[in-house]
Every structure is written in structure tokens, then in C-alpha cells.
Visitor: 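I'd like to ask you about the structure that follows.
Atoms considered below: every heavy atom in the structure, side chains included; atoms not considered: hydrogens, waters and symmetry mates. Residue numbers count from 1 along this sequence.
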Amino acid sequence: MRSDYLNSSSGVSNLDLKVKKVTASLTLAQEDSGSIVLCNPTATVLITLPSTLVSGWHCKVVITEDAAVTDASMNQIVSVDMGSGTNLANVGQMIGYDDGIGNFCAANDDFVVWTASATPGDYASFLTDGERWYID
């Protein structure tokens, strides 16, 4: 039946979200594919994506705070390392909201960085085809 697809015991669909709550730097592994990383930084944080690219690996990084959300209230820098100079054919686009400034990933871009004046709830999704990262 159609509803069986959404049944968690069907073996067809996995309804469980993998959520990782972090406050400090970490390196993600192959088994972290599909994770939503909620980053509430207590200091500058570096999230390192796997250096061995496996087609289909993906995650979403969301910056957050435990306090009430206000515009530009992160107070810490959060960076995502997509290869530190090894996976440099990355593609994607980042769009700023308040100031209308955006940016896109191009050759030699290997980090996504949220400044201390970013807003909780800002996020980026990362997906690889085995050769490069796609960022949204």
C-alpha cells in the first residue's frame, strides 16, 4: 500500500532524523551522512566534512543559540571545512538576507563561514557526487 512507504518498519523509508547537537569543533565521518548538525558554539567552531568523498554523502549544518533569537546574535564564528585545499571544485550559492549580499562557491573555495554577526537559524546543506561538494 501507499502508506506502507512511510511506515518505519517497511524497510523502504527511514523516518528517523540523525540530529547531532554540538558546541565545539568536530570532524564528520562517513556514518554521519544524512545528519542535521545543530551548532551552538561556545567558542569558534570548525566542522570538518569527510575528506574521502563518497557519492550521496550529505548533511545540513544549522547554527543556533539557546537564547532567544535576535538578528546578528551568534557572537561566535562557525566554519565548515570542505577539504582544506583538496576538494576545490565545489559549487553552490550562499545568499545573504539583511544586506542582500550573496556569494557563490567556485574553484578554490573550501570553507563556508558564518561570522559572529550571523543569525541563529542560518544554515547550509552539503552534498557530494564523489568528486565535489554542492552547497546550498
Side-chain angles (χ1 to χ4, degrees):
M1 298 183 79
R2 181 178 171 164
S3 63
D4 287 342
Y5 180 78
L6 297 177
N7 183 328
S8 61
S9 63
S10 71
V12 178
S13 177
N14 182 359
L15 297 177
D16 297 325
L17 293 175
K18 295 192 291 186
V19 177
K20 298 176 82 69
K21 291 185 175 183
V22 300
T23 58
S25 297
L26 83 151
T27 298
L28 296 173
Q30 295 303 329
E31 60 269 14
D32 294 316
S33 180
S35 293
I36 298 171
V37 179
L38 300 176
C39 183
N40 180 4
T42 56
T44 297
V45 168
L46 174 63
I47 298 170
T48 304
L49 300 183
S51 58
T52 303
L53 302 184
V54 176
S55 182
W57 195 99
H58 65 283
C59 77
K60 181 176 186 175
V61 176
V62 182
I63 58 174
T64 186
E65 288 284 347
D66 285 336
V69 173
T70 58
D71 188 28
S73 64
M74 281 306 296
N75 297 322
Q76 298 295 334
I77 296 170
V78 177
S79 301
V80 177
D81 180 352
M82 299 178 290
S84 292
T86 59
N87 304 315
L88 298 179
N90 303 314
V91 295
Q93 185 166 1
M94 307 294 290
I95 299 172
Y97 178 75
D98 285 344
D99 57 13
I101 295 174
N103 199 352
F104 60 93
C105 294
N108 299 319
D109 288 345
D110 53 359
F111 283 87
V112 169
V113 179
W114 289 277
T115 66
S117 61
T119 300
D122 288 349
Y123 67 90
S125 296
F126 301 86
L127 166 72
T128 182
D129 63 2
E131 295 183 24
R132 68 182 71 207
W133 290 106
Y134 294 86
I135 303 91
D136 178 27

Visitor: Please enumerate all residues that pass side-chain contact (heavy atoms from CB on, under 4.5 Å) together with S79, with sequence neighbours excluded.
Guide: L46, I77, F111, V113
Visitor: Answer yes or no: is there a donor N or O on one side and an acceptor on the other, between the side chain of S35 and the main chain of V37, under 3.5 Å?
Guide: no
Visitor: Do any pairs count as a ring pair (Phe, Tyr, Trp, His ring centres under 6.0 Å) and have a residue in residues 32-53, sequence neighbours left out, and if so which ones?
Guide: none
Visitor: In a check of side chain to side chain contact (heavy atoms under 4.5 Å, CB included) between V80 and each of I135, V45, L49, which one passes?
Guide: L49
Visitor: Can you name the side-chain contact (heavy atoms from CB on, under 4.5 Å) partners of D122, sequence neighbours left out?
Guide: I63, W114, A118, T119
Visitor: What side chain to side chain donor-acceptor pair (under 3.5 Å) pairs are there with at least one residue in residues 21-33, not counting sequence neighbours?
Guide: K20-D32
Visitor: First locate atom OG1 of T44, then atom CD of Q76, and finally report the distance between them rounded to the nearest 0.5 Å.
Guide: 5.5 Å
Visitor: Restricting to non-hydrogen atoms, name the atom on T64 and the atom on P120 that form the minimum distance, rounded to 0.1 Å.
Guide: CA-CB, 4.1 Å
Visitor: Can you check whether A29's main-chain N or O pairs, donor with acceptor, with W57's side chain at less than 3.5 Å?
Guide: yes
Visitor: Side-chain contact, heavy-atom cut-off 4.5 Å: L28 with C59?
Guide: yes
Visitor: To check you understand the geometry: which heavy-atom pair defines the closest contact between L127 and H58, and what is its length?
Guide: CD1-CB, 3.9 Å
Visitor: Ignoring hydrogens, what is the shortest heavy-atom contact between V112 and M82? Give both atom names and the distance.
Guide: CG2-CE, 4.2 Å
Visitor: Hey, does T128 have a side-chain heavy atom less than 4.5 Å from the side chain of V54?
Guide: no
Visitor: Considering only residues two or more places apart or on different chains, which pairs with a residue in residues 20-44 satisfy ring pair (Phe, Tyr, Trp, His ring centres under 6.0 Å)?
Guide: none
